[in-house]
Enquirer: 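Got a structure here, written out as structure tokens. Questions coming.
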There are 2 protein chains.
Amino acid sequence: MHNGPMSVVQSLEPPVVDVCCTPSGTDVLDAAEAQKRALVFKAMGDPNRLRLLSIVRASAGGEACVCDLTEPLDLGQPTVSHHLKILVDAGLLDRDKRGTWAYYSLVPGALDRAAALLTAP
Amino acid sequence: MHNGPMSVVQSLEPPVVDVCCTPSGTDVLDAAEAQKRALVFKAMGDPNRLRLLSIVRASAGGEACVCDLTEPLDLGQPTVSHHLKILVDAGLLDRDKRGTWAYYSLVPGALDRAAALLTAP
DNA sequence: CGGGTATATCGATGGATGTCAATCTTGATG
DNA sequence: CATCAAGATTGACATCCATCGATATACCCG
């Protein structure tokens, strides 16, 4: 076991106050919530997926079909479909299949909500 | 090859206007910038690392040492050190070694800058 | 109905990643 | 100096993940 820097043992330049380093459970992320949030950030933790989001956002009408996303990323169509699915599962993209084509668009406010997870606890 | 939904071939309910689905290179993330940003989000794409950030932020004095982070995460000390290194490399945490202990703190503004990457292109 | 096209899904594969046990490094203590 | 503690590093290992080729699924058109 260990007794941390708040202990008097081995006190060179210890915490100024006694309660220095105890997180004192204010609002620490519990494991479940952390898992949920990690899913969103993990979805954005891939360069190609970030570019997908960027292209969709920059597209006229706010939507783009897979055929328009495959070429600029220099990836195979199955790979692009795979990335899109991850972004949809993360709640960042919406999928709308019209006829043969599938149109992807940003979920309104999703990116802002993700950003809010960082600025506000 | 393919010719996309803007082509007249197979036009069932095609894009309303001709230039519908061309991203028309407004401000699409280039590969290099995407890679850089992905690094930050990948660092946040792990539940334990999100909890580390949360605990550090909630700690008195805005800093916490490894010994205070190992227990609440129920992870081995080497694993926690590993995660902390990733967060430092991503520019999210600062490391300050004082004596035997290493104190980690949020890099001021880092989370806000990361959030800004999402709201503003 | 048969051919063609856009997308999704499946299976495989190489590389990245999270975790631990063991060890190394460094600083404090007696 | 010898010892001990905190933390970093290393090596190993299992798992996950990005990617591709092949195939399946809709859907449209003639």
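Numbered from 1 within each chain, the chains take letters A, B, ... in sequence-line order.
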Enquirer: State the CG-CG distance between B:D94 and B:L87, to the nearest 0.5 angstrom.
Expert: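 The distance works out to 11.5 Å.
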Enquirer: Round to a whole Å and report the spacing from CG of B:D96 to P of C:dT26.
Expert: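 Distance check: B:D96 CG to C:dT26 P gives 18 Å.
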Enquirer: Any side-chain N or O of B:R95 less than 4.0 Å from the OP1 or OP2 oxygen of D:dG7?
Expert: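 For D:dG7, neither OP1 nor OP2 has a side-chain N or O of B:R95 closer than 4.0 Å.
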Enquirer: Nearest to the side chain of A:Q77, which nucleotide is it out of C:dA8, C:dA28, D:dC28?
Expert: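 When the side chain of A:Q77 is considered, C:dA8 is the closest of C:dA8, C:dA28, D:dC28.
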Enquirer: Evaluate the side-chain proximity of A:L50 to B:F41: yes if any heavy-atom separation is below 4.5 Å, no if none is.
Expert: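 Side-chain contact under 4.5 Å: yes.
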Enquirer: In whole angstroms, how far is the P atom of D:dA18 from the CG atom of A:L73?
Expert: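 About 13 Å, once rounded to whole Å.
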Enquirer: What integer distance in Å separates A:K42:NZ from C:dG18:C1'?
Expert: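 Going from A:K42 (NZ) to C:dG18 (C1'), I get 10 Å.
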Enquirer: Quick check against the 3.5 Å criterion: does A:S54 have a side-chain atom that pairs as donor or acceptor with the backbone of B:L29?
Expert: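 Yes; at least one donor-acceptor contact below 3.5 Å.
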Enquirer: Which nucleotide wins on minimum distance to the side chain of B:P78, given the candidates D:dG7, D:dT9, C:dT9?
Expert: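 So the side chain of B:P78 is nearest to D:dT9.
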Enquirer: Quick one: B:K97 NZ to D:dA5 P, roughly how many Å, whole number?
Expert: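 These atoms are roughly 16 Å apart.
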Enquirer: Taking the side chain as everything from C-beta on, heavy atoms only, tell me whether B:L92 gets closer than 4.5 Å to B:M44.
Expert: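 In contact.
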Enquirer: Quick one: A:L75 CG to C:dT7 P, roughly how many Å, whole number?
Expert: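 My rounded result for the distance is 15 Å.
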Enquirer: Are the side chain of A:R51 and the backbone of A:L69 linked by a donor-acceptor contact shorter than 3.5 Å?
Expert: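 No, the answer is negative, given that no donor and acceptor are paired below the 3.5 Å cut-off.
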Enquirer: Quick check for you: among D:dG7, C:dT19, C:dA8, whose closest atom lies nearest to any side-chain atom of B:W101?
Expert: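 Shortest atom-to-atom distance from the side chain points to D:dG7.
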Enquirer: Is the backbone of B:K42 close enough, under 3.5 Å, to the side chain of B:R49 for a donor and an acceptor to pair up by distance?
Expert: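 Yes, the answer is positive, given that a donor and an acceptor are paired below the 3.5 Å cut-off.
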Enquirer: Once you round it to whole Å, what is the distance between P of D:dA6 and OH of B:Y103?
Expert: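 My rounded result for the distance is 11 Å.
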Enquirer: Near DNA chain C, which residues from residues 82-91 of chain B have a heavy atom under 4.0 Å away?
Expert: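 Those residues are B:H82, B:H83, B:I86.
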Enquirer: Does the side chain of B:T79 get closer than 4.0 angstrom to OP1 or OP2 of C:dC20 through an N or O atom?
Expert: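 B:T79 to C:dC20 OP1/OP2: side-chain N or O found under 4.0 Å.
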Enquirer: Does D:dA6 have its OP1 or OP2 closer than 4.0 Å to a side-chain nitrogen or oxygen of B:Y104?
Expert: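 The answer is no; no side-chain N or O of B:Y104 sits under 4.0 Å from OP1 or OP2.
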Enquirer: Within the structure provided, determine whether B:P72 and B:I55 are in side-chain contact (heavy-atom separation under 4.5 Å).
Expert: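 A side-chain contact under 4.5 Å exists here.
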Enquirer: Using the rule side chain to side chain contact (heavy atoms under 4.5 Å, CB included), only one of B:L75, B:L73, B:L53 pairs with B:H83; which is it?
Expert: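 That would be B:L75; it is the only one of B:L75, B:L73, B:L53 passing the side chain to side chain contact (heavy atoms under 4.5 Å, CB included) with B:H83.
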Enquirer: Would you say B:Q35 has more than 12 foreign heavy atoms packed within less than 6.0 Å of its CD?
Expert: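 For B:Q35, atom CD is not crowded (no more than 12 foreign heavy atoms under 6.0 Å).
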Enquirer: How many Å lie between CG on A:L69 and C1' on C:dA6, as a whole number?
Expert: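 Going from CG in A:L69 over to C1' in C:dA6 covers 13 Å.
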Enquirer: Expected output is a numbered-order residue list: members of residues 43-50 of chain A with a heavy atom under 4.0 Å from any atom of DNA chain D. What is it?
Expert: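 Output list: A:D46, A:N48, A:R49.
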Enquirer: Please give, in whole Å, the distance from D:dA18 C1' to A:R51 CZ?
Expert: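 A:R51 atom CZ is separated from D:dA18 atom C1' by 16 Å.
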